[in-house]
Amino acid sequence: NQNKQQEVLLQLAKDEADALREHFSEVQAKLQALENQSVRLPIDPVLPYHGYGPQMIALCINLAQKVGLRGAESSLQLFHDCYGITDKVPDWTTIRTWMQRVGVAAIDVPLESADDWVWLADHSCQIGPEKALVVLAVRASKMPPPGTALKHEDLHVLIVQPGTQWKTEDMAKAYEALAEKYGAPMALVVDGAPELRDGAEVLKKQRPDMLVLNDFKHRAANILKATVGKDEQFTKFNSLVGSTRSAIQQTELAHLTPPSSKPKSRFMNLAAILNWAAMILWLLDHPAAKGRLGITDKRLTEKLGWVREFSEDIAAWNECQDVVSASVTFINEQGLYRGATKELRESMGDPLTFPASSEVKRRLLEFVQESEELLREGQRLPISTEILESSFGLYKQLERQHSKGGFTSLLAAFGSLLRPVTPQTIKRDFTRVSVKQMRAWVTKNLGSTLTSKRHIAYKEFANAA
């Protein structure tokens, strides 16, 4: 009886072993099939009349925001090649069209009804007579908490409109059209340009209590220009910087070449050149510094020794810049409110060394004091268009080398740069704006671009030759 029981158990064990061997063979076959199979992308059903799904479209646009249009296509192709994905990668021109549709859709997004909207307005210019008016909006009640600066995703695009002239009456018409669509704002922040400021009078007719605030950073730059820019020593220093740049950029001192200047906004970008000057003074006083390797004392003194004669001036200018930089950071992170002047004064710290920096500090505090007196107790508003300037920077980054060639139809994509897109927003925006509607926007707002005129001129010449 025991032998029979053991035989039954043995047979059961054999059956189980056979089943395990069969299962193992099936697993091996599946693994072999997976090894021979190329990597597949996640399920992403294509949108109607499109070759790609919303997930791929969103990925392409988010990539283009970071690395550009051609860079987005190349990045995807590298990924596909690495993992053996055979699906076709979207062409960069297709990604461009997607961004244009999302950008135009961003302009027409309805705003929630509220009486605390704040507009930030400025012009962006490239070569040629055209300037693009951009107005962004944020609700005062939805500003980031104190200590946090505005981010691009906090803003809504109200208008992106190029034009060959923007006089006061032109701005008045643009403001009036926006007010009819969205209602007059609680406040308008501009950089002090007369046409941007004076054109806002039309808005005060609809909302008498509307505030027009000057941008803090532009005012700070103007104060620097009035204080530092009129200094004869600074004029002489700036001239020597330019000649030094040309003299050493092809020599062994190339790593000590001063940064390029920006004539149109020199005093908004003064920190870089002053930091360079301070670094050169340090190198001159430290013969063992690694930054001097391969450079003789004679050569360093011959080409850069002139900086020493400005050492005291550089210290004064740097202190002026430090005051401005600290103030700009405070305003960006804290905003404007009753009591801002007092807290800004405290944040500036210890008494200053030079009369020039003390004058800059006094005028900045005076400006903030005048501005905060316009506000009611408890109000907190932005008083900086730096986030708008940053948005212009994102657009020029997308343009790459074409940023110096005048506005093109890519301007329609401006609104797509302010926040990451998702498959859900793609479905919404593509439903609201078709390719035909996007092209109609381009035709209406851009017409014949500088690039198209250039092509016509060269084609006409080639045909005549």
Please check this pair: side chain of [X] against backbone of [Y], looking for a donor-acceptor N/O pair closer than 3.5 Å.
X	Y	answer
Arg207	Asp115	yes
Tyr52	Asp44	no
Trp276	Leu256	yes
Glu372	Thr341	yes
Arg101	Val433	yes
Arg338	Glu373	yes
Glu73	Thr93	no
His50	Val46	no
Ser434	Phe430	no
Thr329	Ser325	yes

If I take atom [atom1] from residue [X] and atom [atom2] from residue [Y], how far apart are they, to the nearest 0.5 angstrom?
X	Y	atom1	atom2	result
Ile387	Asn332	CD1	CG	8.5 Å
Leu274	Ile314	CG	CD1	7.5 Å
Met99	Leu69	CE	CG	6.0 Å
Leu158	Asp108	CG	CG	11.0 Å
Lys225	His218	NZ	NE2	11.5 Å
Thr431	Ile426	OG1	CD1	10.5 Å

Do the non-hydrogen side-chain atoms of [X] and [Y] ever get within less than 4.5 Å of each other?
X	Y	answer
Leu76	Pro90	yes
Leu417	Ser391	no
Pro146	Arg380	yes
Ser74	Trp92	no
Glu333	Thr148	no
Tyr395	Val134	no
Ser371	Asn214	no
His152	Leu394	yes

Review point. For the residue pair Phe367 and Phe216, does the interplanar ring angle fall in the parallel (under 30°), tilted (30 to 60°) or perpendicular (over 60°) class?
Key: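 Answer is tilted, since the angle falls between 30° and 60°.
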Review point. With under 30° as parallel and over 60° as perpendicular, where do the rings of Phe310 and Phe237 fit, or are they tilted in between?
Key: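 It falls in the perpendicular class, over 60°.
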Does [atom1] in [X] sit with more than 12 non-hydrogen atoms of other residues, nucleotides or ligands closer than 6.0 Å?
X	atom1	answer
Lys181	NZ	yes
Gln250	CD	no
Lys151	NZ	yes
Glu112	CD	yes
Arg439	CZ	no

Carboxylate-amine/guanidinium contact [X] [Y], below 4.0 Å:
X	Y	value
Asp191	Lys217	no
Lys236	Glu232	no
Arg362	Glu359	yes
Asp198	Lys167	no

Closest non-hydrogen atom pair between [X] and [Y], with its separation:
X	Y	result
Ala200	Met210	O-CE, 3.9 Å
Val157	Val160	CG1-CG2, 3.7 Å
Leu446	Ser409	CD1-CA, 3.4 Å
Ala247	Lys303	CB-NZ, 4.5 Å
Trp317	Asp231	NE1-OD2, 3.6 Å
Ile85	Phe79	CD1-CE2, 3.7 Å

Review point. Side chain to side chain contact (heavy atoms under 4.5 Å, CB included) between Met348 and Leu365: does it pass, once the steps are laid out?
Key: CA-CA 10 Å; Met348 289 179 172; Leu365 290 172; 4.3 Å; yes
Check your understanding: Under the criterion side-chain contact (heavy atoms from CB on, under 4.5 Å), which of Asp215, Leu120, Leu150 is the partner of Ser384?
Key ->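 With Ser384 as partner, Asp215, Leu120, Leu150 yield a single side-chain contact (heavy atoms from CB on, under 4.5 Å), made by Asp215.
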**Study point:** Positive for side-chain contact (heavy atoms from CB on, under 4.5 Å) with Leu136, one of Val189, Leu155, Thr385
**Key:**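 So the option named by the test is Leu155.
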Practice item. Would you check, one step at a time, whether the test side chain to side chain contact (heavy atoms under 4.5 Å, CB included) holds for Glu389 with Phe392? Key: CA-CA 5 Å; Glu389 296 286 346; Phe392 291 148; 4.0 Å; yes
**Study point:** Check: Tyr182 ring centroid to Trp119 ring centroid under 6.0 Å
**Key:**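 Not under 6.0 Å, so no.
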Exercise for review: State which residues pass side chain to side chain donor-acceptor pair (under 3.5 Å) with Arg363; sequence neighbours excluded, sorted by chain then number.
Suggested key: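 Applying side chain to side chain donor-acceptor pair (under 3.5 Å) to Arg363 gives none.
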